[in-house]
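The structure appears right after this line, and notes come after that.
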Number of protein chains: 2
Amino acid sequence: MTQRKLTPRGRERRNQVMLRAAELFAEKGYHPTSVSDIVTSLGVGKGVFYWYFENKEELFAEILRGAHTDLRRRQRVAIGDEPDPLRRIEAGIRETMRWFHEHRDSFSLLLFAATDERFAPVLRRNQEVAIDDTVRHLKDAIVAGQIPDQDPQTLARAVIGVLEKLAHSCLIERDEPLDATTDAAVAFCLHGLTGPR
Amino acid sequence: MTQRKLTPRGRERRNQVMLRAAELFAEKGYHPTSVSDIVTSLGVGKGVFYWYFENKEELFAEILRGAHTDLRRRQRVAIGDEPDPLRRIEAGIRETMRWFHEHRDSFSLLLFAATDERFAPVLRRNQEVAIDDTVRHLKDAIVAGQIPDQDPQTLARAVIGVLEKLAHSCLIERDEPLDATTDAAVAFCLHGLTGPR
DNA sequence: GCGCGGATTGACCGGTCGGTCAAGTGGCCG
DNA sequence: CGGCCACTTGACCGACCGGTCAATCCGCGC
């Protein structure tokens, strides 16, 4: 049911279910993972799931929201009060790659959600927020004359595309560290943004 | 069954099924689309499906292979015998974006396949081929001194990331034309590759 | 016109899925 | 101690899924 009263014990259980569900979704995929899979792997009855969540879809949407919120908070902290817009962007890029690395489960869930029309509404809103975050710094950089005047939304999406693809390739396809790749991503994106100096 | 003898009529029917399946997969997603959905929407019995295909998974893999083969052929034609490596890359980028636009169904299927561990083997091989295509031109460009010496695989992936993200945003999220975005993608990628001039 | 074999039908099957719910359990508070 | 209520159980349900197959169709070569 929706909006249930939860004791501390209940809240902990709810978290358990969310965490395990995220693991299984990342491992086997959203659709192939059944509610029975989730509860069985926790050794609890199926009623537990439906006590804490409306259904499978709502649970997944909540995992997505949580992941996005966490990533955004991390970016905000990493950027701090750096005055130079380009340096803010670089800090954001590096922190994003670090987050992808630390939360590769959530990362792969975000990638999947982008391909499923069912979760498009949730994800679209998340992404627009993320893009607006970046766009703000891009506009500052344009005003400061650091990068030529172009559509900042498109630029922001290009940067995100680079990060997602490189992280996907390193973390999910090849299971390699991100350090060297992060430097390459930063260089590629910054030059892509600034154009011919 | 595997490798059946097919009359011309049979080959046409097979194509019908593949095309409609691709549409439905792109529209509703792979998992939520049942074999019954496919045959019912064609107004034929379920046996038709299993006459031409081993199962749902094999059909999807074949759609993927077909899409990849077609895209690669188009890129090869577009590049022609252009001698300048950077210009070859630009031609490849533009043709890729055009293909994404003309085959947005196949495009969204490729994106989904990248997130599903089940199709990773098929897709991985496809992608490696696509990356090697690009890497060859990148190495030429490095030798020619047009771009600094960096890992060409990473560069190729970065470029593909930009294209996929921008195309996804225009074609699937917002249903907008690609022309202006393609120019932006070309500029971003070329500058990202060449670095500070 | 007959028969062969590619092509088609759709009822049927075992299994699984998401989701329900009546029946408990146990910790806490009065 | 008693009763309340957050929490848990797991059998159960109807729907649907991927896949099978015996029966039938039908175009074509002979």
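Convention: sequence-line order gives letters A, B, ...; per-chain numbering from 1.
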Where does the angle between the aromatic ring planes of A/H31 and A/F112 fall among parallel (under 30°), tilted (30 to 60°) and perpendicular (over 60°)? perpendicular

How are the rings of A/W99 and A/H103 set to each other: parallel, tilted or perpendicular (split at 30° and 60°)? parallel

Can you tell me if [X] touches the phosphate of [N], counting only side-chain N or O atoms and a distance under 4.0 Å to OP1 or OP2?
{"X": "A/S36", "N": "C/dT16", "answer": "no"}
{"X": "B/Y52", "N": "C/dG6", "answer": "no"}
{"X": "B/T7", "N": "C/dG6", "answer": "no"}
{"X": "A/W51", "N": "D/dT8", "answer": "no"}

Sugar-phosphate only, base, or nothing, as touched by A/T33 at under 4.0 Å among non-hydrogen atoms: sugar-phosphate

Scan A/G47 against the nucleic acid and name what it touches under 4.0 Å (heavy atoms): base, sugar-phosphate only, or nothing. base

Between the CD1 atom in A/I142 and the CG atom in A/L155, the distance rounded to the nearest 0.5 Å is 6.5 Å

Please report the distance, rounded to the nearest Å, between [atom1] in [X] and [atom2] in [N].
{"X": "A/F49", "N": "C/dC21", "atom1": "CZ", "atom2": "C1'", "answer": "17 Å"}
{"X": "A/I38", "N": "C/dT16", "atom1": "CD1", "atom2": "C1'", "answer": "15 Å"}
{"X": "B/K46", "N": "D/dT20", "atom1": "NZ", "atom2": "C1'", "answer": "10 Å"}
{"X": "B/F53", "N": "C/dT8", "atom1": "CZ", "atom2": "C1'", "answer": "15 Å"}
{"X": "A/R13", "N": "D/dT9", "atom1": "CZ", "atom2": "P", "answer": "6 Å"}
{"X": "A/Y30", "N": "C/dG18", "atom1": "OH", "atom2": "C1'", "answer": "10 Å"}
{"X": "B/H31", "N": "D/dC16", "atom1": "NE2", "atom2": "C1'", "answer": "16 Å"}
{"X": "B/R9", "N": "C/dG6", "atom1": "CZ", "atom2": "C1'", "answer": "8 Å"}

Of A/E57 and B/V48, the one whose nearest nucleotide on DNA chain C sits closer to the 5' end is B/V48

Would you indicate whether the side-chain heavy atoms of B/R118 and B/F60 approach each other to under 4.5 Å? no

State which residue, out of A/H101, A/E164, A/Q75, fulfils the side chain to side chain donor-acceptor pair (under 3.5 Å) condition with A/T96. A/Q75

